[in-house]
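Have a look at the structure below, then the notes.
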Protein chains: 2
Amino acid sequence: MKRHPIPAHFRSHHPHPCDGNLPADLNAVLRQRVTEAAEATLELSRGETLVHSGMPFKHLYLVVSGGFKAVEIGEDGQSQIVSFHYARELMGLSGFAQQRYTTDLIALAPSLICEFSMAAVESIVGADRSLLNHLLTYASESLARAEHDQFRLGSMSATQKIASFLLHRQEQLRQAGEKCDQFELLMTREELGSYLGLSMETISRLLSHLQELGVVRVDKRLIEILSEDPLRAWLDGAVTLPTSSCHKPAAKRAALKLA
Amino acid sequence: MKRHPIPAHFRSHHPHPCDGNLPADLNAVLRQRVTEAAEATLELSRGETLVHSGMPFKHLYLVVSGGFKAVEIGEDGQSQIVSFHYARELMGLSGFAQQRYTTDLIALAPSLICEFSMAAVESIVGADRSLLNHLLTYASESLARAEHDQFRLGSMSATQKIASFLLHRQEQLRQAGEKCDQFELLMTREELGSYLGLSMETISRLLSHLQELGVVRVDKRLIEILSEDPLRAWLDGAVTLPTSSCHKPAAKRAALKLA
DNA sequence: CGGTCGCTTGATAATCGTCAATTGATGTGG
DNA sequence: CCACATCAATTGACGATTATCAAGCGACCG
């Protein structure tokens, strides 16, 4: 992890790593203040740990490029990925209440982030309380996402989970104004499996199967979505994971033909 | 749902429903302000819906007594309980970002709550910004809990899930200073199953089994925890759900003997 | 008193995890 | 530069966990 401190007298210069990565509805003066509060940029390569679960909560991090996984660690060493974070997302807020980080944050790819110390954040909040509003908005949004992840983990079959994940990622990219029909999974099959509550093998089989059906093209971690409708059919629960080639009752094969 | 408006000139009187239900670290003047902002108390009976998912976000609710389930609804009508809320907890915050509630909130038992309109909340925030800090703290805490629920849903077996749930509820009551070794589940087996990502039948079997082992006493929805250690053994993954009586390899029966 | 609802318990089956073997890609050291 | 080790991914066979289906029972309510 390489740290590049940003000298105070240099923080208002352009170009600045925060540029374009802060929420669009931030007013100009506040954006300026926040930008000036960035104390350093950090460069991480794949697998490097940004924060460890349980460590004192001192900083918030803004993803500039790359991606991260948030890993929750059980007492017995089990672990599960509870969220992924991409460019423009804020990381660390779940540690605010207890003043300790609640997850590990680990880079999925070579990544660049901005670091904000909580002290600086709180001093801005003192001058302009609308920032706190933005933070609350972000926390609320994260909470709604976590609840949706719970829904996925608790009520969906393996096929529905994958379909849900792919469609959500597509939508997320669409809303960010980026190319959304072809994107790179930054994570391994195992990491995606952890996030979705499935085994690596199940992920692999489902992706292979989707490719056979011509619904997506899979090349290593590059995904291309060829047709959305069969994915939506999977999401609606119309399809189950076939053990090999199909010898199933017609009812279950119906949605398969959509592919 | 019975609504009891609290006339403005009456809000500073004692006793007030908010008394004792606000965070302990709220300073006196702020507590006073918040108490005076409560616009009504609402009385709900079991099964009544306080808010519907998707409706405009207008109020925050503080549970005074009873309990609630937060139900996330899928597009196709599937539903899953994503959290339970008991006395002293705030409900509705996940709707702040989108300005729409993200879940249904439904009473698990006859319940009493205080209603705060967001307009009133925001006016207090204008006068004393430490309230916003408290809200952010609460959101952060909720986020950490949701992430832990994800961990449970994604990485635990049925036995671990139940053990985790019971031990967490016990700890929650302990920290609230209430009797914690004997408590009432306000929810049905089916509701608990929904929350834990299990079927009603699995819940029933596991509770029966725990009772046979003498670990807990179960009487309808009343739970008494007789010994914690076997529960912790279950949580650590030492035990699996036996299909009938046991004819298992010794390794798997080891922790069972702890009971 | 009949009916619904919540719960229990058993039998059966399906989804998905585990284990294993193989391949290709990547990187490292001789 | 090649051999070797390691890691991610694929695919198949098998089995376990847990859902589903079904029947029965007690409690509560109208």
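Only a predicted model underlies this, so the values are computations on that prediction, with no experimental measurement involved. Chain letters run A, B, ... following the sequence lines, proteins first and then strands; every chain starts at 1.
- Using a cut-off of 4.0 Å between Lys/Arg side-chain N and Asp/Glu carboxylate O, A:Arg145 and A:Glu89 are scored as salt-bridged.
- Taking atom CG of residue B:Asp219 and atom C1' of nucleotide C:dT8, one finds them 14 Å apart after rounding to whole Å.
- Checking D:dT18, C:dG6, C:dT8 against every side-chain atom of B:Ser208, the shortest atom distance belongs to C:dT8.
- Spacing between atom CG of B:Leu198 and atom C1' of C:dC7 amounts to 16 Å, rounded to whole angstrom units.
- Summarising the geometry, the separation between CG on B:Leu222 and C1' on C:dC7 is reported as 16 Å, rounded to the nearest angstrom.
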Per-nucleotide protein contact string for nucleotides 19-26 of chain C, where B marks a base within reach and S marks sugar-phosphate only (heavy atoms under 4.0 Å, - for neither): B-----S-
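- In this entry the distance linking CD of B:Glu191 with C1' of C:dC7 reads 13 Å, nearest Å.
- At a threshold of 4.5 Å between non-hydrogen side-chain atoms, the residues A:Leu60 and A:Met91 do not count as touching.
- Proximity note for B:Ala158 (side chain, C-beta onward) versus D:dT18, C:dT9, C:dC16: the nearest is D:dT18.
- Nucleic acid contact class of A:Gly197 (heavy atoms, under 4.0 Å, all strands): sugar-phosphate only.
- Ring pair A:Phe68/A:Phe84: centre-to-centre distance not below 6.0 Å.
- When A:Leu108, A:Thr103, A:Asp104 are each tested for a side-chain contact (heavy atoms from CB on, under 4.5 Å) with A:Ile106, only one passes: A:Asp104.
- One can place CD of A:Gln160 at 12 Å from P of C:dT15, the figure rounded to the nearest angstrom.
- Nearest nucleotide to the B:Thr202 side chain, out of D:dT18, C:dT9, D:dA8: D:dT18.
- We find that A:Glu115 and A:Arg3 are joined by a salt bridge, their nearest charged nitrogen and carboxylate oxygen being less than 4.0 Å apart.
- In this view, A:Leu226 and A:Arg217, A:Glu224 satisfy the side-chain contact (heavy atoms from CB on, under 4.5 Å) rule, not counting sequence neighbours.
- For A:Ser199 and C:dT18, the shortest distance from a side-chain N or O to OP1 or OP2 is not below 4.0 Å.
- Counting to the nearest Å, the P atom of D:dC28 and the CZ atom of B:Arg46 are 15 Å from each other.
- Between A:Ser204 and D:dT11 there is no side-chain polar atom (N or O) within less than 4.0 angstrom of OP1 or OP2.
- One atom, CZ of A:Arg221, and another, P of D:dC7, lie 14 Å apart when rounded to the nearest Å.
- For the pair B:Leu196 CG and D:dT17 C1', the interatomic distance rounds to 16 Å; values are reported in whole Å.
- Note on ring orientation: taking the six-membered ring where Trp is involved, the planes of B:His148 and B:His168 are tilted (angle from 30° to 60°).
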